[in-house]
Amino acid sequence: MFYGVDLTSRLMLGTAQYPSPQVLLEAIEASGAEVITVSLRREGAAGGAFRDLLAKSRCRLLPNTAGCHTFREAVTTARMAREVFGTSWIKLEVIGHADTLQPDPFALVEAARVLCAEGFDVFPYTTEDLIVGEKLLEAGCKVLMPWGAPIGSGQGLRNLQGLRTMRAHFPDVPLVVDAGIGAPSQAAQAMELGFDAVLLNTAVAKAVNPVGMARAFGRAIQAGREGHQAGLMLERDMASASTPVFGLAELA
Ligand SMILES: CC(=O)[C@@H](O)[C@H](O)COP(=O)(O)O
């Protein structure tokens, strides 16, 4: 449940870098995603055509503040996005580093506080830091989006222990792993850890076959979720025979 909205699919898909608009639409369809994220810059550059294209997907839009490096830029972009796209949902990105594209947690919390007070439903792109997570919740966020790895890196879940701890620390907060996912197995792993959803873009858009990859991610996320719900076995240090030892032939 994200800001009162129940979704069937746990995949949120980015809409940048696809080889063509048609491939983008087919990839969204194949993925089963019900939420797609879109940047205001892209919409501005296409003069409304991009929004019309995305409307064909019938997905809920999650505008983002991608590329914003300051509190001011992010807040202004969010306000414009609400007007342009007609939704109070905003994926809040305030980038701190040009090379790692790591979130700036200080500007992020500040921007989240202002936007939540203005009635936005904020999806903050953050790190797995627990204190920052708590500050974002205090600011009014009802969802947290920790990174898996730097945006566009495809490295998967770089800090497995940190993400596990985050899940345990915020048991009732919807958590979405956002960014850095490179393969369907990594998305499945996020779901197995108990995350509520995954947001990704590059791994699908830059695949040799984006439509096939979108479908694979959709299925992997569903499988990972089912695995989590079915209860994963505990890891053991030592072997434990899986075949019963009674009934073995006794050789004289
Ligand atoms: C589209 C978007 O919002 C990205 O900023 C997002 O974080 C996805 O990252 P990847 O491209 O690494 O999947």
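All values below were derived from every heavy atom in this structure, side-chain atoms included, with hydrogens, water molecules and symmetry-related copies excluded. Remember, predicted model here, so these are calculated numbers, not experimental data.
- In His97, the NE2 atom is not crowded: 12 or fewer heavy atoms of neighbouring residues, nucleotides or ligands sit closer than 6.0 Å.
- The OG1 atom of Thr126 sits 6.0 Å away from the CE atom of Met166 when rounded to the nearest 0.5 Å.
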- Please test Phe123 against Leu62 for side chain to side chain contact (heavy atoms under 4.5 Å, CB included), starting from the C-alpha separation and ending with a verdict. CA-CA 9 Å; Phe123 293 69; Leu62 174 58; 3.7 Å; yes
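- Between the side chain of Gln186 and the main chain of Gly182, a donor-acceptor pair closer than 3.5 Å is present.
- Residue Cys68 holds its SG atom at 11.5 Å from CG of Leu108, rounded to the nearest 0.5 Å.
- A donor-acceptor pair under 3.5 Å links the side-chain atoms of Glu34 to the main chain of Ser9, judged by distance alone.
- Of all heavy-atom pairs spanning Val132 and Pro105, the tightest one is CG2-CB, 3.7 Å.
- Within the 4.5 Å cutoff, no side-chain heavy atoms of Val35 are placed close to those of Leu11.
- At a threshold of 4.5 Å between non-hydrogen side-chain atoms, the residues Tyr18 and Leu25 do not count as touching.
- Annotation for Gly156 and Ala149: closest pair O-CB, 3.2 Å, computed over non-hydrogen atoms.
- Between atom OG1 of residue Thr8 and atom CD of residue Gln222 there is a gap of 10.0 Å, rounded to the nearest 0.5 Å.
- Side-chain atoms of Arg158 and Gln155 form a donor-acceptor pair, as typed in the model, at a separation below 3.5 Å.
- A continuous path of hydrophobic side-chain contacts links Tyr3 to Phe170 [ILVMFWY only; heavy atoms under 4.5 Å].
- Closest non-hydrogen pair, Ala33 versus Leu13, comes out as CB-CB, 4.2 Å.
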Could you pull out every donor-acceptor pair under 3.5 Å between side chains of residues 233-247 and any protein atom, sequence neighbours left out?
none

- Evaluate side chain to side chain contact (heavy atoms under 4.5 Å, CB included) for Phe120 paired with Val114, printing each intermediate quantity in order. CA-CA 9 Å; Phe120 281 89; Val114 168; over 6 Å; no
- I would like to know whether Thr65 and Lys91 meet side chain to side chain contact (heavy atoms under 4.5 Å, CB included); could you show each step before the answer? CA-CA 6 Å; Thr65 62; Lys91 190 194 131 177; over 6 Å; no
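- In plain terms, the two heavy atoms of Val173 and Lys142 that are nearest each other are CG1-O, 4.0 Å.
- One finds the CD1 atom of Ile36 at 6.0 Å from the OG1 atom of Thr15 (value rounded to the nearest 0.5 Å).
- Every residue was checked against the side-chain hydrogen bond (donor to acceptor under 3.5 Å, both in side chains) condition with Glu138, not counting sequence neighbours, and none meets it.
- Side-chain heavy atoms closer than 4.5 Å link hydrophobic residues (I, L, V, M, F, W, Y) into clusters, and following such links, even through other members, never connects Leu115 to Phe106.
- A heavy-atom distance below 4.5 Å is not found between the side chains of Val177 and Met145.
- Using a 4.5 Å cut-off between side-chain heavy atoms of Ile, Leu, Val, Met, Phe, Trp and Tyr, Leu101 falls into a hydrophobic cluster with Ile95, Tyr125, Trp147, Ile151.
- Looking at residues two or more places apart in sequence or on another chain, you find no side-chain hydrogen bond (donor to acceptor under 3.5 Å, both in side chains) involving Ser185.
- Annotation for Leu136 and Ala112: closest pair CD2-CB, 3.8 Å, computed over non-hydrogen atoms.
- Taken to the nearest 0.5 Å, the CG atom of Asp172 stands 13.0 Å off from the CE atom of Met1.
- Here the side chain of Glu93 pairs no donor or acceptor atom with the backbone of Pro103 at under 3.5 angstrom.
- Cys116 and Cys141 get closest at one heavy-atom pair: SG-N, 3.6 Å.
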Sequence neighbours excluded and cut-off under 3.5 Å, please list the side-chain donor-acceptor pairs for residues 190-214, or say none.
from	atom 1	to	atom 2	distance (Å)
Asp196	OD2	Arg167	NH1	2.8
Asp196	OD2	Leu175	N	2.8
Asn201	OD1	Ala16	N	3.3
Asn201	ND2	Ala16	O	3.0
Asn209	OD1	Val211	N	3.2
Asn209	OD1	Gly212	N	2.9

Distance-only criterion, 3.5 Å: show the donor-acceptor pairs between side-chain atoms of residues 70-86 and protein atoms not counting sequence neighbours.
from	atom 1	to	atom 2	distance (Å)
Thr70	OG1	Glu73	N	3.0
Glu73	OE1	His69	N	2.7
Glu73	OE1	Thr70	N	3.3
Thr76	OG1	Arg72	O	2.8
Thr77	OG1	Glu73	O	2.6
Arg79	NE	Glu118	OE1	3.1
Arg79	NE	Glu118	OE2	3.4
Arg79	NH2	Glu118	OE2	2.6
Arg82	NH1	Glu118	O	3.1
Arg82	NH2	Glu118	O	3.3

- side chain to side chain donor-acceptor pair (under 3.5 Å) between Thr37 and Asn64, worked out: CA-CA 6 Å; Thr37 180; Asn64 64 53; 2.8 Å; yes
- Query: Going through the checks in order, is the side chain to side chain contact (heavy atoms under 4.5 Å, CB included) test met by Cys59 and Ile28?
  - Reply: CA-CA 9 Å; Cys59 285; Ile28 295 171; 3.6 Å; yes
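- In this structure, the separation between OG on Ser31 and CZ on Phe217 is 11.0 Å, given to the nearest 0.5 Å.
- Remark: side-chain polar atoms of Thr165 are paired, donor with acceptor, to backbone N or O of Gln161 under 3.5 angstrom.
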